[in-house]
Peer 1: 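Before I ask anything, let me first share the structure, which is written out below as structure tokens.
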Protein chains: 2
Amino acid sequence: MGRPRGFDEQAVTAAAAGLFAGRAYDGVSVDDLVQQLGVHRNSLYKTFGSKRGLYLAALRWHLEHRLPSLTEQLAAGAAVADDPTLDLLLLAAVERAPSDVEVAALVAKAWQTLDQALQRAPATPADPPASTALNALLGERLRARAATASAGPS
Amino acid sequence: MGRPRGFDEQAVTAAAAGLFAGRAYDGVSVDDLVQQLGVHRNSLYKTFGSKRGLYLAALRWHLEHRLPSLTEQLAAGAAVADDPTLDLLLLAAVERAPSDVEVAALVAKAWQTLDQALQRAPATPADPPASTALNALLGERLRARAATASAGPS
DNA sequence: CGAGATTAGGAACGATCGTTCTTGACTGAT
DNA sequence: ATCAGTCAAGAACGATCGTTCCTAATCTCG
């Protein structure tokens, strides 16, 4: 009953995550989302409730669909240089988590998953804390991100 | 000639850095700055030119005045858990640097300084790349920050 | 073929953003 | 004392923010 949806909710969610991985939360306006995702304002608000709702959905989607394969790659020792999932997590942790408990919870869960995956990496002789491997990875990605300044001041 | 300035420019710069270390750039409004710093709008714009000007001044000030002592502590092996300088750097690197080449340059310079300081840390038997120590430190601070969710969603 | 329901399209809302302007109070040098 | 120059106080600006509302267009089902 009623007109069918003209967009794929999952595709939109994933695309939104791409935007949120590139710029800060406040740097992505609803107009940007409407334009880049090709979905109308009304549909966005009907489907996700609010900008924050879309953000949370995007974060959740990435954590659920992309994080598993990412952890596999990491556990296999592969270098994942520019995975957008890491960027999304980085931004979520630094910028959103301190002022949004729901984001903080999602980020904490992601850390947990990644820690477990990295601990089963090619064994090190000593026994480092479970977190050191992920810390190093995050630091590395953080620096790589800071080095990719593309646009002008504002 | 003229009425003397009613505030200490360095103190204001430092205080502004404190605000920018706590929230994202877009999350700190000019009204916030005016209110928290106790300096009038006009004075801020007269002194720093713009919000971005104040941000850059704050970042530069912290890098020039706080980073040296921070590197000393780090080189001495001290644990600097909650230094606001690190938070400011973290936020600058993740959120501002990708879209502001000037911030990116400052951040890169800070990395360089910290790398050198950390490489002279209590010698490790092997010879890790110069960056690994800092990477670990950044990762650690990143996670600590994400875990301190205080305020509600919005 | 109509009801009923849900979408797309786009204008419009109040709030807040960064920035500028106007006015008057204050200070230091002449 | 006077004048010039700076600062303080706050109103005001246009732009943009996230969100809502209204009006068709378009689909499914009886």
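Throughout, a chain's letter reflects where its sequence line sits, starting with A, and its residues are numbered from 1.
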Peer 1: Got a list of side-chain donor-acceptor pairs under 3.5 Å for residues 69-76 of chain A, not counting sequence neighbours?
Peer 2:
{"from": "A:Ser69", "atom 1": "OG", "to": "A:Arg66", "atom 2": "O", "distance (Å)": "3.1"}
{"from": "A:Thr71", "atom 1": "OG1", "to": "A:Leu67", "atom 2": "O", "distance (Å)": "3.3"}
{"from": "A:Thr71", "atom 1": "OG1", "to": "A:Pro68", "atom 2": "O", "distance (Å)": "2.5"}

Peer 1: Any chance the side chains of A:Asn135 and A:Thr132 put a donor and an acceptor closer than 3.5 Å?
Peer 2: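 No.
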Peer 1: Got a salt bridge between A:Asp115 and B:Arg143, using NZ or NE/NH1/NH2 to carboxylate O under 4.0 Å?
Peer 2: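 B:Arg143 and A:Asp115: salt-bridged.
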Peer 1: Whole angstroms only, please: what is the CG-P distance between A:Leu44 and D:dT20?
Peer 2: 13 Å
Peer 1: Taking the minimum atom-to-atom distance to the side chain of A:Asn42, which one of D:dC22, C:dT7, D:dG10 wins?
Peer 2: D:dC22
Peer 1: Figure out the CG/P separation between A:Leu33 and D:dT19, and round it to whole Å.
Peer 2: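 Whole-Å distance recorded here is 11 Å.
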Peer 1: Please report, rounded to the nearest Å, how far the P atom of D:dT26 is from the NE2 atom of A:His40.
Peer 2: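 Computing the A:His40:NE2 to D:dT26:P distance gives 15 Å.
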Peer 1: Could you verify whether a donor N or O on one side chain and an acceptor N or O on the other, from B:Ser29 and B:Asp31, lie under 3.5 Å apart?
Peer 2: no
Peer 1: For the residue pair A:Val94 and B:Arg145, what are the closest heavy atoms and their distance?
Peer 2: O-NE, 2.8 Å
Peer 1: In whole Å, I'd like the distance from the CD atom of A:Glu9 to the C1' atom of C:dT6.
Peer 2: 15 Å
Peer 1: Just jot down the ring-ring contact (aromatic ring centres under 6.0 Å, His included) partners of B:Tyr25, sequence neighbours excluded, or say none.
Peer 2: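 ring-ring contact (aromatic ring centres under 6.0 Å, His included) check on B:Tyr25 returns B:Phe20, B:Tyr55.
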Peer 1: Report all interatomic pairs (protein N or O, nucleotide N or O of nucleotides 16-18 of chain C) with separations under 3.5 Å.
Peer 2:
{"from": "C:dG18", "atom 1": "OP1", "to": "B:Lys51", "atom 2": "NZ", "distance (Å)": "2.5"}
{"from": "C:dG18", "atom 1": "OP2", "to": "B:Val30", "atom 2": "N", "distance (Å)": "2.8"}

